[in-house]
Amino acid sequence: MGRGKRARGEIMDITRVSDIAQHDGQQVTVQGWVYNRTDKGKLTFLLVRDGSGFVQCVAFKGDLDETLFDRIRHIPQESSVVVTGTVRADKRAPGIPGGYEIGISDLQIVQAADEDYPMALKEHGVDFALDHRHLWMRMPSQWAILRVRATVISAIREWFDTNGYLNMDTPILTPAACEGTSTLFETPYFNEGMAYLAQSGQLYNEANIFAFGKVYAFGPTFRAEKSKTRRHLTEFWMVEPEVAFCDLDQLMDIEEQFVAHIVKRVLKDRRAELESLGRDISVLEKIEPPFPRISYDEAAEMLKQIRDETDDPEKKELLTFEWGMDFGSPHETELTNRFDKPVFVYGYPTQVKAFYMEPWPGRPEVCKSVDLLAPEGYGEIIGGSERISDHDLLLQRIKEHNLPREAFEWYLDLRRFGSVPHSGFGMGVERTVAWLCGTEHIRETIPFPRTIKRVYP
RNA sequence: UCCUCGCUAGCUCAAUUGGCAGAGCGAGCGGCUGUUAACCGCUAGGUUUCAGGUUCGAGUCCUGAGCGAGGAGCCA
């Protein structure tokens with residue numbers, strides 16, 4: 001491949017596929033991998049991906065020496081390559097962003113891939129795809145989803161960092177259950193008995209706000225429950241802001257500004273990816289504050305009505321509901337189908353929520369909690385509440401839930417030294433990404449998913 | 001933990017009442033100057049998840065096991 005040789009020490013000027021439109025008419029060099037090859041007589045089309053996008057590269061037999069053209073014609077899928085050629089606009093050119101292609105003048109093979117690459121360019125079964133996650137993520141759908149994920153994470157940090165919040169991460173190894181209910185992963189911890197992988201950083205965040213005012217923790221969260229649905233992972237990422245001097249109404253204001261920002265940012269920076277996924281973008285463009293706010297009581301009434309109106313006995317059974325129950329997945333789906341924006345449901349029964357939630361004034365059976373349910377059946381993406389700020393009430397709740405008081409002494413201290421009304425929430429990153437991408441399974445929204453049946457690869 | 005379903009070529013699937021193990025894609029070779037999951041021809045590719053059983057004969061029926069999926073519960 002003599003044509004492409006460079007003098008030693010010469011710095012190669014590499015173009016990113018995402019920037020290809022800025023190089024129309026110019027000669028460029030792209031480094032990447034051959035995603036697909038279509039051989040068409042005197043023409044060979046290579047779809048090359050470089051991490052930033054997918055671009056079609058065209059080899060024409062008449063423009064190249066025979067050896068090079070023959071090598072291009074037989075290059076195995078997924079071979080790593082350095083391609084040099086001239087960019088031209090062509091509406092027929094596929095790719096992401098697409099619309100431009102490279103007329104190949106030179107191509108070097110860095111490694112010719114083995115010929116038994118297992119990922120077909122068609123659909124795969126779930127099990128096969130997940131066993132090959134390390135290769136599956138190269139495919140456009142997975143690549144697009146994970147690009148959206150990175151932008152969601154960036155938007156999360158951007159919003160908090162520019163709105164006066166301090167990033168203050170919380171421990172992953174913890175001495176006990178935060179909320180006293182979930183099943184946790186445990187691990188031996190030197191001479192201290194068992195440590196547990198965190199299911200939430202919230203309690204630590206409550207300590208942090210008394211030093212820093214507004215904080216957010218962002219990290220992995222672990223749940224050992226044997227949940228086995230398209231909405232569950234055993235390891236997932238959660239962002240948890242906590243705010244001093246903040247009540248439930250103010251919390252909802254924060255949540256809707258925050259979520260709207262994420263949506264806006266994804267629409268701005270990842271439109272091509274959403275389009276490549278076939279996502280209906282007009283649905284996302286409607287996501288602007290304010291979001292509807294309904295009480296648990298109103299939601300319960302709506303569900304009763306929906307259940308009365310259906311003739312489907314199976315659906316009737318699934319929608320069985322009495323005041324005091326938590327909403328199940330079928331309930332959330334029915335509720336959110338009635339709205340085209342995320343909807344707040346606030347004021348849940350105290351008995352179905354965690355011990356630390358502030359009671360509703362004058363209605364002790366209800367607490368100042370709020371969930372944000374995403375539309376299109378994606379369900380709960382945020383759970384939050386105003387926290388109990390009174391020391392004696394909190395102590396009473398700890399006793400009622402049979403939690404070990406000694407483990408919560410530091411938490412109770414927060415109510416003794418300058419207690420204030422405060423609130424916070426936790427947002428599941430993967431569920432949010434699944435909603436934005438229109439992904440059916442949450443496991444596609446994290447690079448290497450961990451589920452009850454899977455720790456490989 | 002409970003309910004339902006699935007397992008056949010590298011992948012996605014078909015195989016009639018129990019009667020010769022099949023197709024498409026992928027791979028290799030050849031053809032074609034515009035392919036978009038191209039198309040055409042040829043070639044290779046199988047312990048039908050496993051262990052038993054019924055039968056002249058089992059991918060198909062029966063029993064058990066394994067693995068996986070969807071849903072419920074719980075949650076983000």
Side-chain angles (χ1 to χ4, degrees), chain A residues 35-47 54 56-63 69 73-74 76-78 88 90-96 98-99 101 103 113-132 135-136 139-140 179 181-183 199-200 202 220-240 314 317-318 320 325-333 352-354 371-374 378-384 425-435 440-443 445-446 451-454:
Chain A
Y35 175 72
N36 194 16
R37 186 193 71 226
T38 302
D39 174 25
K40 182 100 183 44
K42 291 176 184 164
L43 275 177
T44 295
F45 299 97
L46 301 181
L47 194 55
F54 290 68
Q56 173 162 279
C57 302
V58 186
F60 176 46
K61 193 172 185 175
D63 290 347
F69 183 75
R73 209 163 76 87
H74 290 98
Q77 187 187 0
E78 288 304 317
R88 58 182 175 243
D90 192 316
K91 282 176 190 160
R92 296 169 296 185
I96 306 171
E101 64 183 19
D114 286 356
E115 280 163 6
D116 57 349
Y117 185 67
M119 304 304 290
L121 268 48
K122 299 193 173 189
E123 78 276 12
H124 288 99
V126 176
D127 196 37
F128 179 87
L130 286 175
D131 278 343
H132 297 82
L135 304 176
W136 188 27
M139 299 188 76
E179 309 190 1
T181 51
S182 297
T183 318
Q199 61 151 337
S200 165
Q202 181 209 312
T221 300
F222 306 89
R223 302 281 165 90
E225 271 122 9
K226 295 191 174 178
S227 299
K228 199 174 171 322
T229 79
R230 69 181 66 179
R231 295 175 305 283
H232 288 87
L233 297 169
T234 56
E235 178 183 313
F236 64 97
W237 283 67
M238 185 158 71
V239 60
E240 297 179 282
E314 198 179 332
E317 172 71 26
L318 276 173
T320 300
M325 284 170 57
D326 202 356
F327 298 125
S329 178
H331 305 111
E332 286 184 357
T333 302
V352 300
K353 289 291 180 184
D371 286 354
L372 184 65
L373 310 180
Y378 283 92
E380 182 179 355
I381 53 172
I382 291 182
F425 66 87
M427 185 182 82
V429 169
E430 289 77 16
R431 284 189 181 179
T432 304
V433 175
W435 163 51
E440 195 178 347
H441 302 94
I442 193 176
R443 61 190 164 215
T445 64
I446 188 168
T451 66
I452 173 173
K453 291 289 185 184
R454 184 172 294 279

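Numbers restart at 1 for each chain; the letters A, B, ... are given by sequence-line order, proteins then strands.
Rounded to the nearest Å, the gap between the C1' atom of B/G59 and that of B/G6 is 14 Å.
With sequence neighbours left out, A/S329 forms a side chain to side chain donor-acceptor pair (under 3.5 Å) with A/R231.
Rounded to whole Å, atom C1' of B/A72 lies 13 Å from atom CD1 of A/I452. Rounding to whole angstrom units, CD1 of residue A/I442 and P of B/C75 are separated by 16 Å. When rounded to the nearest whole Å, the span between NE2 of A/H132 and C1' of B/G68 equals 15 Å. Whole-Å rounding puts the A/Y117 OH to B/G10 C1' distance at 13 Å.
Candidate nucleotides B/C75, B/G34, B/G71 were compared by shortest atom distance to the side chain of A/R230, and B/G71 ranks first. Of the candidates B/A38, B/U12, B/G34, the closest approach to any side-chain atom of A/V58 belongs to B/G34. Proximity note for A/D39 (side chain, C-beta onward) versus B/C32, B/U36, B/C75: the nearest is B/C32. Listed nucleotides B/A76, B/U35, B/G73 differ in distance to A/F45; the shortest reach to its side chain belongs to B/U35. Minimum atom distance to the side chain of A/H441 is reached by B/G70, of the listed B/G73, B/G70, B/G10.
Taking the six-membered ring where the residue is Trp, A/F128 and A/H124 present parallel rings, their angle staying beneath 30° rather than reaching 60°.
Of all nucleotides present, only B/U1 satisfies the Watson-Crick or G-U wobble test against B/A72, with each distance under 3.5 Å.
Evaluation of atom-type donor-acceptor distances gives a pair under 3.5 Å for the side chain of A/S227 against the base of B/C74.
Summarising the local packing, NZ of A/K61 is surrounded by 12 or fewer heavy atoms from other residues, nucleotides or ligands at distances under 6.0 Å.
Checked by atom type, the side-chain pair A/E235/A/T221 shows no donor-acceptor distance below 3.5 Å.
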